[in-house]
Amino acid sequence: MMEPIDRRSLLSAGVAGLCAATLGLGASPRRDVGKGKPVVVASANGLQTVAKAMDLILVGADPLDAAIEGVAIVEADPNDQSVGYGGMPNEDGVVELDAAVMHGPTANGGAVAALQNIMHPAAVARLVMQRTDHCLLVGEGALRFAQMHGFPEVNLLTEASRKIWLHWKETLSDQDDRFPPPDDQLDPVVQQFFGIRGTGTIHCSALDTHGNLGCVTTTSGLYFKIPGRVGDSPILGAGLYLDNEVGSAGSTGRGEANLLNCSSLRIVEALRAGKAPQDAALEACRQIARTNLNPKLQDDQGRPNFDVTFYCVRKDGNFGGASLWSGARMAVHDGESARLVDCAALYDRKINES
Ligand code: GLY
């Protein structure tokens with residue numbers, strides 16, 4: 001098995017190029033460009049994602065392939081600590097990635113969960129969809145599958161993420177044998193980070209010029225999670241869902257809320273029933289609020305003390321987003337420009353960032 005390597009040797013050894021090359025594994029041949037109006041939506045960290053995906057759709061790329069290439073920018077970005085390389089590790093300091101894809105024209109999907117050492121888990125998820133009779137591979141099996149298909153192994157834990165994780169571990173308890181440095185000696189990356197225990201993720205849904213849909217959700221999941229914890233992102237119906245006759249939806253935020261409510265499936269079914277995208281997304285927020293009965297997960301007014309955001313595009317190109325708490329935005333490209341737009345919200349106060 002290949003030894004994981006750090007970014008310096010990764011770059012010098014040309015592994016970065018190999019990571020990029022494996023992104024193309026399983027991509028469909030380009031086809032003619034149709035007459036329909038394409039739309040790409042993503043979470044707010046996906047401005048470059050929607051731009052890349054739209055560029056590809058406009059030269060005939062499959063919508064799922066376009067979305068995978070779009071989110072790969074964020075998967076490879078060490079400064080996005082919620083996805084891929086540089087993602088926050090689990091409580092043992094190991095980065096474990098979750099990702100899933102769905103492909104409208106073939107009504108198919110694939111996913112990987114708790115995958116270590118692979119920079120582009122969404123591309124591996126596409127191969128699970130195409131080259132196995134399964135929908136989800138996890139952990140060691142997912143890693144072996146990725147190795148088998150030539151994905152290079154990379155140490156996903158950057159120095160910044162390691163320092164942040166170490167500080168989290170050193171400050172967990174004042175009853176143990178670990179001593180954090182005094183506050184005035186904290187590394188600036190640690191100082192900047194703390195305050196919020198977040199989750200993070202990127203979702204992207206793409207509608208091409210033929211009215212075909214593809215979507216992807218990819219994440220390093222909840223910061224400092226219990227090893228093996230899997231969120232909603234690799235679960236078809238929870239962290240993403242599409243039906244090529246109806247629309248596509250996906251989510252960021254507290255994954256457990258979407259696992260308990262199959263939120264993305266709900267949104268697509270609400271679209272099928274005739275709801276507008278933003279209303280369908282708001283309905284999923286209401287469902288989470290209605291079923292969030294654990295007092296530990298409620299504020300003093302019984303509202304969720306976490307956030308979840310939904311992103312949705314309908315087959316006709318209409319799109320919308322909604323979150324539990326106000327302040328969320330989504331990235332959109334409708335063929336003219338990439339921009340951030342406001343999401344609707346159930347509650348008028350932003351308390352968390354996902
Ligand atoms: N929504 C990302 C996660 O909970 O892992």
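Computed over heavy atoms, backbone and side chain alike; hydrogens, waters and symmetry mates excluded. Throughout, numbering of the chain's residues begins at 1 and tracks the sequence. Atoms within each ligand, like the ligands themselves, are counted from 1 in listed order. Predicted, not measured: the structure shown is a model, and the values here were computed from it.
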As an exercise, identify every atom of ligand 1 less than 4.0 angstrom from a heavy atom of [X].
X	answer
Asp232	1 (N), 2 (C), 3 (C), 4 (O)
Thr201	1 (N), 2 (C)
Arg229	3 (C), 4 (O), 5 (O)
Ser233	1 (N), 2 (C)

Worksheet item: Can you tell me how far the OG atom of Ser82 sits from the CG atom of Asn45, to the nearest 0.5 Å?
Response: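 Rounded to the nearest 0.5 Å, the OG-CG separation comes out at 5.0 Å.
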
Discussion item. Is the contact between Lys225 and ligand 1 made by the side chain, the backbone, both, or neither, using heavy atoms and a 4.0 Å cut-off?
Written reply: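 Looking at Lys225 and ligand 1, no heavy atom falls under 4.0 Å.
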
Worksheet item: If we only count heavy atoms from C-beta on, is the Asn244 to Pro105 side-chain gap below 4.5 Å?
Response: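 The answer is yes, as the side chains (C-beta and beyond) meet within the 4.5 Å cut-off.
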
Worksheet entry | Electrostatic pair Glu159:Arg162 at N-O distance under 4.0 angstrom |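 Salt bridge present between Glu159 and Arg162.
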
Item to complete: Carefully, step by step, assess Ile235 and Leu136 under the rule side chain to side chain contact (heavy atoms under 4.5 Å, CB included).
Response: CA-CA 8 Å; Ile235 305 302; Leu136 173 61; 4.2 Å; yes

Discussion item. Is there a polar contact between ligand 1 and Gly231, counting only N or O atoms under 3.5 Å apart?
Written reply: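 N/O-N/O distance under 3.5 Å: no.
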
Fill in: ligand 1 to Gly253 polar contact by distance, N or O atoms, under 3.5 Å
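Yes; at least one N/O pair falls below 3.5 Å.
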
Worksheet item: Testing Asn292, Leu282, Asp307 for side-chain contact (heavy atoms from CB on, under 4.5 Å) with Leu324, which one passes?
Response: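 Between Leu324 and the candidates, side-chain contact (heavy atoms from CB on, under 4.5 Å) is satisfied uniquely by Asp307.
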
Ignoring hydrogens and angles, write down the donor-acceptor pairs under 3.5 Å from the side chains of residues 26-39, residues two or more places apart or on other chains.
from  : atom 1 : to     : atom 2 : distance (Å)
Arg31 : NE     : His210 : NE2    : 3.4
Arg31 : NH2    : His210 : ND1    : 3.4
Lys37 : NZ     : Asp334 : O      : 2.9

